There are 2 protein chains.
Amino acid sequence: MGDIREPLRELTECGLPQALEVMGERWAFMILRASFNGLHHFEEFLSELGIARNILSNRLAKLVENGILRRDPCPDDRRKIEYRLTDKGFDLLPAMVALRQWGQKYGAEVVENPVLVDERDRLPIGPTSIISHDGRILGPQDLALVERSNLGVRADGSRADQEGSPGLGDVIDLESLRRAKSAA
Amino acid sequence: MGDIREPLRELTECGLPQALEVMGERWAFMILRASFNGLHHFEEFLSELGIARNILSNRLAKLVENGILRRDPCPDDRRKIEYRLTDKGFDLLPAMVALRQWGQKYGAEVVENPVLVDERDRLPIGPTSIISHDGRILGPQDLALVERSNLGVRADGSRADQEGSPGLGDVIDLESLRRAKSAA
DNA sequence: ACTTTAAGTTTCATGGAGCAACTTATTTTT
DNA sequence: AAAAATAAGTTGCTCCATGAAACTTAAAGT
């Protein structure tokens, strides 16, 4: 029972640390939100966010360095710099919206105005969700962690065990998720 | 053109700041991931994460204080404390997975093992997505920000304007999203 | 020419992060 | 029963990151 989560000790192979290296910095998401909202210039960010000048400078540089923002000098006014989201930056939209929605759900009195809507019908979006490979919306109950070598192997075991300790290396953990499932 | 984003100045009514107040702290998401992965005890987090003792103590306390983790003394071993995710904590799953997937997509060499799968078929999950109210997956192109009073009003305007400056107060901004759309 | 604006950099005071050692309460071992 | 080990902290100290304010440089506006 202690051994079952032994493989997790080497679970540095996860995108989260890499993501947090950039976006874990304070202000990173706030700057990103401002970018999503159409702010492009240093002084705009400055007055909008209430961040210190030097910190903003530093954070923008880091976001540019990490390919989340592009830094384009304005052709018409050569004092100005335009900071714009790259594709990599846009790909943070689901993470940002998910965070935002969570904050909204549990925050005291968040009214949200303006509202993020589907352009098609101009109605508010639903909750950002974890999706199966074939498009079903998944809850915590529907998730499991399996060894890479055991992908596709159902619980009843339509495929035989790989080498290694048998019975182990299958579902690694998520016992907490399961417990939450049965509790719900 | 400068005025069109004027309302954003008061855009403190967004869940993001509230979310970041808790989860913007360094280590918060790493602790959360560990929790998702079935770690429950102080010394487990400590050796798994490589975080300093005092910081871990502090962060756990804050997560408990914010209702993301529950702090249960173990009945069988009264030295031990169990830290477990609350429902509020589980609701951070989409945000965490989205971040993780982003880090995986752009991180150097992230292999991801064990793999997060759909329990049903044990196949890897798809990208965490922004969903419309009726279940369609939305991309950045499909999003708009509208005034709360103008919800449901299509671009062609099946509903008449509210009071206030006409033409304004409709789609607030997202010009950057649009530009990215036309560029794609 | 003078002033203003934009985007920074520099300086300095403060707060949070990290390391190591210490504490307290509870098992386990001898 | 006494000694050692374990679990979960706390305390003291150092140092880097954060933040406020002033200064810098270059380009526009008037």
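This one's a predicted model, so the numbers in the text were calculated from it and none came from an experiment.
When the side-chain hydrogen bond (donor to acceptor under 3.5 Å, both in side chains) test is applied to Asn66(B), no partner is found at least two apart in sequence or on another chain. Contacts of Asp121(B) classified as side-chain hydrogen bond (donor to acceptor under 3.5 Å, both in side chains), with partners at least two apart in sequence or in another chain: His133(A). With sequence neighbours left out, Arg79(A) forms a side-chain contact (heavy atoms from CB on, under 4.5 Å) with Asp77(A). Considering only residues two or more places apart in sequence or on other chains, Ala61(B) meets the side-chain contact (heavy atoms from CB on, under 4.5 Å) condition with none of them. For Asp134(B), the side-chain hydrogen bond (donor to acceptor under 3.5 Å, both in side chains) criterion is met by Ser132(B), Arg136(B), not counting sequence neighbours. Applying the side-chain contact (heavy atoms from CB on, under 4.5 Å) test to Arg78(A) and every residue at least two apart in sequence or in another chain returns nothing. Remark: Glu43(B) engages Leu46(B), Arg53(B) in a side-chain contact (heavy atoms from CB on, under 4.5 Å) (not counting sequence neighbours). Applying the side-chain hydrogen bond (donor to acceptor under 3.5 Å, both in side chains) test to Lys88(B) and every residue at least two apart in sequence or in another chain returns nothing.
Shown here for Ile51(A) and Phe45(A), the closest heavy-atom pair between the two residues is CG2-O, 4.4 Å.
Heavy-atom distances under 4.0 Å link DNA chain C to Ile55(B), Arg59(B) of residues 55-73 of chain B, given in residue order.
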Quick one: which protein N/O atoms are closer than 3.5 Å to N/O atoms of nucleotides 12-15 of chain D? Pair and distance per line, please.
{"residue": "dG12(D)", "atom": "O6", "partner": "Asn54(B)", "partner atom": "ND2", "Å": "3.4"}

Between the protein and nucleotides 5-7 of chain D, list every N/O to N/O distance that falls short of 3.5 Å.
{"residue": "dT6(D)", "atom": "O2", "partner": "Arg79(B)", "partner atom": "NH1", "Å": "3.0"}

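Annotation: side chain of Leu85(A) is in contact with side chain of Leu32(A) (closest heavy-atom distance under 4.5 Å). At least one side-chain heavy atom of Leu56(B) sits less than 4.5 Å from a side-chain heavy atom of Ile31(B).
The residues Asp91(B) and Lys105(A) are annotated as salt-bridged, a charged nitrogen and a carboxylate oxygen being separated by less than 4.0 angstrom.
When the side-chain nitrogen and oxygen atoms of Trp27(A) are compared with OP1 and OP2 of dT18(D), none of them lie within a distance under 4.0 Å.
Linking Ile, Leu, Val, Met, Phe, Trp and Tyr residues whenever their side-chain heavy atoms come within less than 4.5 Å places Phe42(B) and Ile68(B) in a single cluster.
Distance Leu49(A) CG to dA20(D) P: 13 Å, rounded to the nearest Å.
Scanning DNA chain C 5' to 3' for nucleotides with an atom closer than 4.0 angstrom to a non-hydrogen atom of chain B gives a first and last hit of dA17(C) to dT27(C).
Residue-level contact check: Phe45(B) touches neither bases nor backbone, having no heavy atom under 4.0 Å from any strand.
DNA chain D is contacted by both Glu25(A) and Asp76(A); Glu25(A) maps to the nucleotide lying nearer its 5′ end (nearest heavy atom per residue).
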